[in-house]
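Below is one structure, written out as structure tokens; comments come after it.
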Amino acid sequence: MRSLLILLLITLCGCQTTLQPRQDARIGTGSLVLLVSIDGTRVDYLDRGLTPNLQRLIDEGVRARWMTPAYPSLTFPNHYTLVTGLRPDHHGIVQNTMYDPELGTFALADRDAVTESRWWEGLPIWVSAERAGIDTAVLFWPGSEAAIDGVRPGYWQPYDDKMGYADRVDTIVAWLAGQAAEADPVALATLYFERVDKMGHEHGPESTEVRAAMAEADEAIGRLLQGLSDAKLLDRVNIIVVADHGMAEVAPNQFVHVDQMVDPNDAQWISLGQSAGFQPRRGRAAAAARQLLGRHEHYECWRKADLPARWHYGSHRRVPPIVCQMDEGWDALAGRAAEWRAQFTGTRGSHGFDPALPSMQTIFAARGPAFRSGAELPPIESVDVYTLLAHLLGLRPAPNDGNAEALLPALR
Ligand code: AMP
Ligand code: ZN
Ligand code: ZN
């Protein structure tokens with residue numbers, strides 16, 4: 001028993017010695033793994049009585065009290081953290097919007113950027129899986145449209161927010177069941193749902209729209225459980241349901257115009273929103289620093305090297321020289337977004353605030369043959385999920401920033 005535990009710890013810790021096999025070699029038999037993300041699900045959404053199917057999954061499996069996102073608490077940085085175990089500072093997707101001297105600008109809707117592999121550092125789990133001969137299917141996940149280290153998931157398609165949830169679920173069940181045309185069954189699959197996040201932004205986390213979106217996502221989970229059951233797969237698949245961050249309420253007029261933060265002649269903004277990055281203009285570094293650095297009424301700014309250590313952020317070349325963190329519920333805006341917001345009288349929602357805030361905490365739940373039943377785990381962090389995925393697939397984890405022991409209590 002003790003040696004088994006030691007073997008498991010070695011497997012999970014990703015410790016490296018020169019004698020160990022290649023990282024992409026399979027070290028166990030592995031199991032079927034389905035990773036599901038319900039973007040923007042704040043942890044308390046699970047306790048609103050709106051999600052009977054997720055509750056069933058939790059009752060038959062495990063949940064963490066909450067999961068803390070990596071900094072910044074945004075969609076692309078955190079989804080890529082979940083599948084690499086690396087913090088954004090180490091995997092290069094340091095923002096949803098960023099600039100690299102060699103690659104230019106990156107934005108979520110820019111297909112040239114999201115398909116350019118040089119943005120995506122580290123090794124997502126599907127790359128290691130494919131290399132080890134495990135078939136993978138990624139039905140939307142940031143990074144899946146690029147050939148990272150030369151490898152794409154076996155099945156993937158360009159992100160399409162118009163594709164209905166039922167269609168996504170049925171497609172993934174067919175892939176796992178090996179029913180897709182000319183296809184081997186896949187052993188690692190992902191699913192992604194965006195409307196909880198979208199409604200959270202448009203109407204705020206307490207809105208009826210978020211409640212409806214949560215119920216809709218839960219219905220998709222119900223369809224998934226039924227589909228897997230019909231395909232005789234339910235007791236073979238380890239299902240992990242996560243999200244990337246929570247959602248904070250933004251009251252009307254709670255925004256700062258970026259031109260009031262710094263004179264645009266002195267610094268150019270690289271990202272706005274909640275974690276705003278600035279590049280001082282040539283010869284204007286001192287003027288930019290004078291205006292930006294330090295505590296302000298609704299935000300605080302640091303040089304990238306001086307950011308709070310607990311965020312583990314600021315070493316990557318893509319992090320701009322000055323980073324301003326907005327206070328909870330406040331956005332930094334420019335141009336038409338600022339004009340539009342000045343007119344808007346409703347409640348909205350934002351994330352991207354300090355990952356330690358309760359409003360940014362998100363979900364982790366799992367069910368399947370590898371998981372205990374009915375256990376609640378202490379809080380975990382997004383960086384901890386990757387080693388679990390590697391373990392379930394029987395892969396040696398690549399070096400990562402997670403705590404290899406955080407998810408041991410989830411396992412049988
Ligand atoms: P945000 O709230 O700005 O952090 O980002 C959330 C948005 O990212 C969602 O509304 C999605 O439509 C979008 N998104 C999610 N996954 C992808 C993807 N793989 N490619 C492009 N956009 C995506
Ligand atoms: Zn998100
Ligand atoms: Zn969002």
Side-chain angles (χ1 to χ4, degrees), residues 35-43 45 67-84 88 93-98 105-117 119-120 124 126 137-148 152-153 155-165 168 189-205 207 209-210 213-214 216-217 241-250 271-277 326 328-329 331-333 337 348-353 355 359-364 382:
L35 178 65
V36 183
S37 166
I38 309 174
D39 196 314
T41 301
R42 198 170 75 183
V43 67
Y45 294 178
M67 183 164 77
T68 300
Y71 186 94
S73 52
L74 297 172
T75 297
F76 265 46
N78 270 280
H79 274 91
Y80 203 52
T81 286
L82 285 161
V83 294
T84 58
I93 304 299
V94 301
Q95 252 288 352
N96 283 346
T97 313
M98 51 187 174
T105 54
F106 180 99
L108 307 195
D110 179 348
R111 295 218 14 97
D112 288 341
V114 300
T115 56
E116 167 55 71
S117 60
W119 283 106
W120 307 89
W126 61 76
V138 179
L139 199 49
F140 311 145
W141 205 273
S144 63
E145 294 177 53
I148 298 168
R152 280 206 176 81
Y155 304 95
W156 64 279
Q157 56 190 70
Y159 175 61
D160 173 14
D161 63 356
K162 304 286 183 297
M163 184 177 186
Y165 284 5
R168 297 182 200 192
T190 78
L191 265 172
Y192 172 76
F193 303 117
E194 62 280 274
R195 280 182 58 80
V196 172
D197 176 74
K198 191 161 191 289
M199 292 301 104
H201 285 296
E202 291 180 10
H203 305 281
S207 62
E209 288 84 353
V210 161
M214 204 58 224
E216 183 193 19
V241 182
V242 292
D244 46 353
H245 49 73
M247 189 65 69
E249 191 159 291
V250 179
S271 65
L272 290 175
Q274 304 72 35
S275 173
M326 305 302 290
E328 185 178 24
D331 295 327
L333 300 175
R348 286 182 49 84
S350 287
H351 52 86
F353 303 114
S359 61
M360 293 300 104
Q361 305 310 313
T362 188
I363 60 165
F364 173 92
S382 301

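Read the numbers this way: they start at 1 and go in the same order the structure lists the ligands and their atoms.
Residues V43 and I363 are in side-chain contact: their nearest non-hydrogen atoms beyond the backbone lie under 4.5 Å apart.
Taking every heavy atom of both residues into account, M247 and P205 meet most closely at O-CG, 3.8 Å. The nearest pair of heavy atoms linking V210 to V196 is CG2-O, 4.3 Å.
Shown in contact with H351 at under 4.0 Å from a heavy atom are these atoms of ligand 1, numbered in order with element: 1 (P), 2 (O), 4 (O). Atoms of ligand 1 found under 4.0 Å from any heavy atom of D197, numbered from 1 in the order shown, are 2 (O), 6 (C). For ligand 1, the atoms sitting less than 4.0 Å from at least one non-hydrogen atom of H201 are 2 (O), numbered in the order shown with element in parentheses.
Put simply, D244 gets within reach of the Zn ion (ligand 2), with an N, O or S atom under 2.8 Å from it. At least one N/O/S atom of D39, whether from backbone or side chain, sits less than 2.8 Å from the Zn ion (ligand 2). The Zn ion (ligand 2) has T75 among its coordinating residues (N/O/S atom, backbone or side chain, under 2.8 Å). Here H245 reaches the Zn ion (ligand 2): one of its N/O/S atoms is less than 2.8 Å from the metal.
Nearest protein neighbour of atom 11 (C) of ligand 1, counting heavy atoms only, is Y159 OH, 3.3 Å. Looking at atom 9 (C) of ligand 1, its nearest protein heavy atom turns out to be Y192 OH, 3.8 Å. When only non-hydrogen protein atoms are considered, atom 3 (O) of ligand 1 lies nearest to N96 ND2, 3.3 Å.
The N, O or S atom of H201 with the smallest distance to the Zn ion (ligand 3) is NE2.
No side-chain donor-acceptor contact under 3.5 Å links H245 to the backbone of P69. Panel note: side chain T81, backbone P77; a donor-acceptor pair is recorded below 3.5 Å. Proximity of a side-chain donor or acceptor of E116 to a complementary backbone N or O of F106 within less than 3.5 Å is not detected. For S271 (side chain) and G277 (main-chain N/O), a donor-acceptor pair under 3.5 Å exists by modelled atom type. Of the possible donor and acceptor atoms, one in the side chain of E145 sits under 3.5 Å from a partner among the backbone N and O of Y159.
Rounded to 10 degrees, the OD1-metal-NE2 angle spanning D197 and H351 at the Zn ion (ligand 3) equals 100°.
When V114, N96, T97 are each tested for a side-chain contact (heavy atoms from CB on, under 4.5 Å) with L108, only one passes: N96. Among the candidates K198, R195, H79, the single residue satisfying the side-chain contact (heavy atoms from CB on, under 4.5 Å) test with D39 is H79.
Within the set D244, T75, V138, L108, the minimum heavy-atom distance to atom 1 (P) of ligand 1 is found for T75.
Not a single heavy atom of V114 sits closer than 4.0 Å to an atom of ligand 1.
Under 4.0 angstrom from ligand 1, the non-hydrogen atoms of F76 all belong to its side chain.
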